[in-house]
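Being a predicted model, the structure only gives us computed values, none of them experimental. Order of the sequence lines fixes the chain letters, A, B, ..., with proteins taken first and strands second; residue numbering starts at 1 for each chain.
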Amino acid sequence: MSDQKLDVQQEHQQYIEPLGDWARSHDCCTLTAADTGAEVCLMGWVQYRRDHGGLIFVDLRDRQGLTQIVFSPDVNPAAHERAHVIRSEYVLAIRGTVRPRPEGMTNPGMKTGEIEVYVSEWKLLNTSKTPAFVIEDRTEASENLRLQYRYLDLRRPRMANNFIVRHKAAQATRRYLDELGFLEIETPYLTKSTPEGARDFLVPSRLNQGQFYALPQSPQLFKQLLMMSGMERYYQIVRCFRDEDMRADRQLEFTQIDIEMSFVDEEQVMAMAEGLMARVFRDALDREIATPFPRMSYDDAMARYGVDKPDTRFGLELQDVTHIVRGSNFKLFATAELVKAMRVPGGETMTRKEIDEFTEFVKIYGAQGLAWIKIRPDEWQSPIAKFLSDAERAGLKEALGLETGDIVFFQAGAPGMVNAALGNLRVRLGEHLGLIDENAFNFLWVTDFPLFEYDEEEKRYVACHHPFTSPKDGHMDVMVENPAAARARAYDMVLNGYELGGGSIRNHTAEKQRRMFAALGFSPEEAEAQFGFLTQALEMGAPPHGGIAFGMDRLAMLLTGSSSIRDVIAFPKTQKATCLLTQAPDNVSARQLRDLGLRLRETGKEAAPKAPASTDTPQG
RNA sequence: GGAGCCGUAGUUAAGACGGUUAUAACGCCGGCCUGUCACGCCGGAGGCCGAGGGUUCGAGUCCCUUCGGCUCCGCCA
């Protein structure tokens, strides 16, 4: 019964002792045979207890690792006797002697496996209820439980290591940028809501009732203002906030390495960024990264990979075959705006079931279906083979370099859908077929981004990067005549298919910036009201400047091989934007609302305080 | 706003064809054990089958609703 368990743990509380003047001499991962004979003091948590009645072995865990400690009646009978109460996750302080393990008793699987510490005296610093799940890497508790008992989850070595690596990456960043003369400067969290971009988090103002601050989506405007302030080189490892739906690699609040430089062009920013990555990978993972990184234009990326953040760890490139099938008897191909193909070498052995799965997969992106051709020695096996003329077959074979044993997938329709469907199918196939080297870090710059993209909802062009990005030389005029063709002085750093960072050279004259606002459909009055402080600053000696920002969480995720940024954020939120540990967000008192001049709209469901998830849920 | 997967002892899962008392492993509790290391052996406790409603003589199982976790589309300058 759970009552029994509770009783045991409660009964053991009488043995808890204060720390007194004890101090740790080592952590639980450093002792070796070279320390034989040393008197040491260790403190940590009980990972495993192996009570033999006579001898008691305990694996003591701290942030760094494990050390086996031994309670023996031969060393201190009283200390040994007391040790029978020890349970999982109890917190111990021990003093003892380092001894080499007896012949044949070493544990090569353990960093400290050649030694053990014989306990001469020990203190129980705290007891522990039986944890909701065992603290170890190999048993995965559900994410639900892990988030509810996050402090237990973070004790797992894998998680602890994630934060060690993340810390090293952050420290490497600070060292590198400091050496290059960057100043770490803080910017406001309570700031002004601006149009464009993500949904803002708003904070009501008590002293200015009816008005709101916005939490920054990024410190973009402030870092540019710091350039206008003559700071020349700025950086900040800074929290950003965007009230949008979450994904495995997106949280409401996330951390950017935010950087801005004066008197530079793209080349200097990119070289600085490559050096930063090289330093981070060296200091955090002891890995050397080759620089400079390869580059690819946005148009090339979309043409060859269907996405603007290609994973270049494997092939399976896309090809435009529209011109080959233009006159086809297959009506869909003949009339589609874009027809693209992806050749999968050796894919002829795919089963109908697999193909059906991929067909379902591309429907997510709006595809109606998925055409395919298996290249067999004797024939082309395909639902669409009968529509293809000899000339079309020859054209496809030549263009795609088809060989016996291949399968080719086709997607036809609107370019956005075709690229999304095939581009994402490509990644899925890369995983499915095991084409991805999990050990590789493939960096890539994507350049020459469009300045604008058309927003179907708003029926107007919006900035692809952000409204402060400078058009490429000569594109100021293109911008007006043909907005879709204008290109920006923007660049994204891509790593293994993730957008790791992005930046641009900014407009540094007020005139250019005003033309940009006009192109985005702002009236001069609107531009003045929203961004007047910026254009005014640009009129007072703004230097040429540009910068970049990296997703710190994504960087840490990739450095640690994690599959979600939640594994590198200490206290993340769920997909429904709640914190299972603290139960945030929660209702507030009528008094708090009154102070802010706010009244809640009637919603039908009464705002009652949330019940705790269970009696075990920590409160206060 | 939408699609998919998942909720069963503390945990991870099995049970799905509607039919005795809902299984297993690990964990937990008690006992034995001086060389274990995910110790071993013996014994034991532990369940609102996420919640609510319905169909039925009978629901973990079928139907409806709802809550929660995850993945994805839309969204994310």
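Contact annotation for P73(A): base contact, defined as any heavy-atom pair under 4.0 Å involving a base atom. Among the atoms of the strands shown, only primed sugar atoms or phosphate atoms (P, OP1, OP2) are found under 4.0 Å from some heavy atom of R87(A). Note on E499(A): nothing from the nucleic acid sits closer than 4.0 angstrom, heavy atoms only. Using a 4.0 Å heavy-atom distance criterion, K576(A) is classed as a sugar-phosphate-only contact. Within the 4.0 angstrom heavy-atom criterion, no nucleotide atom of any strand lies near F468(A). At a threshold of 4.0 angstrom between heavy atoms, the contacts of S218(A) include nucleobase atoms, whether or not backbone atoms are also involved. Among the heavy atoms of the strands lying under 4.0 Å from L145(A) are primed sugar atoms or P, OP1, OP2 only; no base atom is included.
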Which pairs, protein N/O on one side and nucleotides 1-4 of chain B N/O on the other, fall under 3.5 Å?
from: rG1(B); atom 1: O6; to: D245(A); atom 2: OD2; distance (Å): 3.4

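The side chain of R247(A) has rC72(B) as its nearest neighbour among rU34(B), rC72(B), rC37(B). If you check rU36(B), rC28(B), rA38(B) against the side chain of R101(A), the one that comes closest is rU36(B).
Remark: rC5(B) base-pairs with rG69(B); criterion is Watson-Crick or G-U wobble with both hydrogen-bond distances under 3.5 Å. Remark: rG74(B) base-pairs with no nucleotide in the shown strands. Criterion, Watson-Crick or G-U wobble with two distances under 3.5 Å.
Contacts with RNA chain B (heavy atom under 4.0 Å) in residues 562-570 of chain A: R566(A), listed by number. If you check residues 45-62 of chain A against RNA chain B, the residues with a heavy atom closer than 4.0 Å are Y48(A), R50(A), D51(A), H52(A), G53(A), G54(A), L55(A), F57(A), D59(A), listed by number.
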Would you give me the side-chain donor-acceptor pairs under 3.5 Å for residues 357-368 of chain A, sequence neighbours excluded?
from: T359(A); atom 1: OG1; to: I355(A); atom 2: O; distance (Å): 2.8
from: E360(A); atom 1: OE2; to: K363(A); atom 2: NZ; distance (Å): 3.2

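In terms of polar N and O atoms assigned as donor or acceptor, the side chain of R250(A) comes within less than 3.5 Å of the base of rC76(B) in a complementary pairing.
In terms of the ring pair (Phe, Tyr, Trp, His ring centres under 6.0 Å) criterion, H26(A) has no residue partners (sequence neighbours excluded). Listed by chain and residue number, H12(A) satisfy the ring pair (Phe, Tyr, Trp, His ring centres under 6.0 Å) test with Y90(A) (two or more places apart in sequence, or in another chain).
Comparing E143(A) and Q68(A), the nucleotide of RNA chain B nearest to each residue sits closer to the 5' end for Q68(A).
Side-chain atoms of N507(A) never come within 3.5 Å of backbone atoms of K512(A) as a donor-acceptor pair (strictly under, hydrogens ignored).
A salt bridge links E143(A) and R566(A); the closest N-O separation between the charged side-chain nitrogens and carboxylate oxygens is under 4.0 Å.
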